[in-house]
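In this text the structure is predicted, and so the values were computed from the model without any measurement.
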Amino acid sequence: MKLRMITILALLAGSFRVQQVYGCDVCGGGASAYGSILPMFQSNLAGLRYQQFSYLHPAGLNQNGSSTVLEDRYQQWECWLRFRVQPNLFFSASLPWKQHTRIETEYRSRIQGLGDMRWEAAWVVFNTADSMSRLGKHMLQAVGGIKLNNGTYMQRLQDGVMAPLPLQTGTGAPAAWLRAEYVRRRGRIGMHSDVQYMHYGTNELTYRLGNQLTASLRGFWWLYRGNTQWMLQGAVQADHFAADRHYGARKPDSGGKRIQGSLLATLMFKTLVVQAEWMHPLWQDYGVRQPRSSPTNRLAIAMFF
């Protein structure tokens with residue numbers, strides 16, 4: 001059972017992932033979502049997740065008429081479900097509710113509504129977590145997913161101007177992604193790595209978000225006593241964002257790169273799982289007019305059933 005729990009907790013760590021970058025009016029940006037790497041064993045799982053962060057705009061460079069854009073704030077509440085179809089095949093679904101706030105010198109606008117629903121399938125290629133003959137345990141998983149375009153779209157700011165794409169709670173276009181996940185453990189320590197590529201469709205305004213490539217590496221330390229288990233983790237994540245396209249042409253001041261570091265703690269008690277994560281940008285390379293991100297805070301709670 002303990003061998004199973006360590007892999008479960010390592011995979012839960014991947015449930016926190018920023019899939020898309022936020023940006024400003026000039027870059028198109030996107031909306032944020034989580035990944036869904038969850039337990040691979042006998043139980044299904046359902047839960048709630050929350051995240052909040054903000055972007056600070058460069059001083060005086062982004063205008064909304066006579067008003068200067070200062071900051072964009074983002075909050076997201078998300079319900080999700082993971083269920084087991086076969087011993088090595090799992091499906092998950094998530095639906096977010098978002099609230100975005102733009103702070104300007106003359107206005108404060110709040111936009112809220114449903115985000116885009118996400119579906120994902122995961123296939124466990126191999127898993128040696130329960131092998132008593134191996135000192136080092138490892139697991140490889142292949143994942144594919146789609147994002148729908150059901151989220152609220154074409155919302156307006158307080159002054160009646162159409163909100164830029166980053167502030168919309170839906171993106172207006174479908175998307176698809178592929179991801180590979182690998183977990184390696186020896187005793188109570190281990191690592192979790194993943195690589196993901198995400199491709200976007202074109203929305204009704206002939207705007208297409210730039211494709212994204214993300215890679216991360218996490219180290220974890222596992223502690224347990226009776227029915228209570230802890231996992232502490234540190235991670236580094238690198239993201240590359242291709243330029244957006246409008247009418248087929250490259251959108252100026254879009255795309256970029258960044259590296260983030262994070263600390264994450266997971267508590268499991270019987271069928272209850274609680275997580276908290278703090279992520280901080282270490283390096284960002286965007287256009288001059290694009291905003292810079294602040295730290296991200298995330299919380300999650302889930303139950304096995």
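In summary, Arg179 and Asp194 do not engage in a salt bridge, as defined by a charged side-chain N under 4.0 Å from a carboxylate O. Under a 4.0 Å N-O distance rule, the pair Glu78/Lys98 does not qualify as a salt bridge. Salt bridge status for Glu71 with Arg73: present, with a side-chain N to carboxylate O gap under 4.0 Å. Note on Arg218 versus Glu181: no salt bridge recorded, every NZ/NE/NH1/NH2 to OD/OE distance being 4.0 Å or above.
The aromatic rings of Tyr74 and His100 sit perpendicular, their planes meeting at an angle over 60°, well past the 30° parallel limit. Tyr224 and Trp222 have tilted rings, their planes meeting at an angle from 30° to 60° on a 0 to 90° scale.
Inter-residue side-chain proximity for Val274 and Thr266 is flagged as unmet; no heavy-atom pair is nearer than 4.5 Å. By the 4.5 Å heavy-atom criterion applied to side chains, Met268 and Trp230 are not counted as neighbours.
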For Trp177 and Gln212, run side-chain hydrogen bond (donor to acceptor under 3.5 Å, both in side chains): C-alpha distance rounded to whole Å, both residues' side-chain angles, the deciding distance at 0.1 Å, then the answer.
CA-CA 9 Å; Trp177 62 90; Gln212 300 172 9; over 6 Å; no

Pair Gln284, Ser293 - check side chain to side chain contact (heavy atoms under 4.5 Å, CB included), show working.
CA-CA 8 Å; Gln284 305 176 65; Ser293 62; 3.2 Å; yes

Please evaluate residues His138 and Tyr182 with respect to the criterion side-chain hydrogen bond (donor to acceptor under 3.5 Å, both in side chains), reporting the C-alpha separation (whole Å), side-chain torsions for both, the decisive distance (0.1 Å), and the verdict.
CA-CA 7 Å; His138 63 162; Tyr182 178 71; 3.1 Å; yes

Evaluate side chain to side chain contact (heavy atoms under 4.5 Å, CB included) for Phe241 paired with Arg258, printing each intermediate quantity in order.
CA-CA 9 Å; Phe241 309 98; Arg258 71 178 175 189; 3.8 Å; yes

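Screening Gln99, Gln112, Gln52, Gln51 against Gln75 for a side chain to side chain donor-acceptor pair (under 3.5 Å) leaves a single residue, Gln99.
A continuous path of ILVMFWY side-chain contacts below 4.5 Å connects Met191 to Val125, so both sit in one hydrophobic cluster.
Within a 6.0 Å radius of CZ in Arg110, no more than 12 heavy atoms belonging to other residues, nucleotides or ligands are found. Shown here is Ile189, whose CD1 atom has no more than 12 heavy atoms of other residues, nucleotides or ligands within 6.0 Å.
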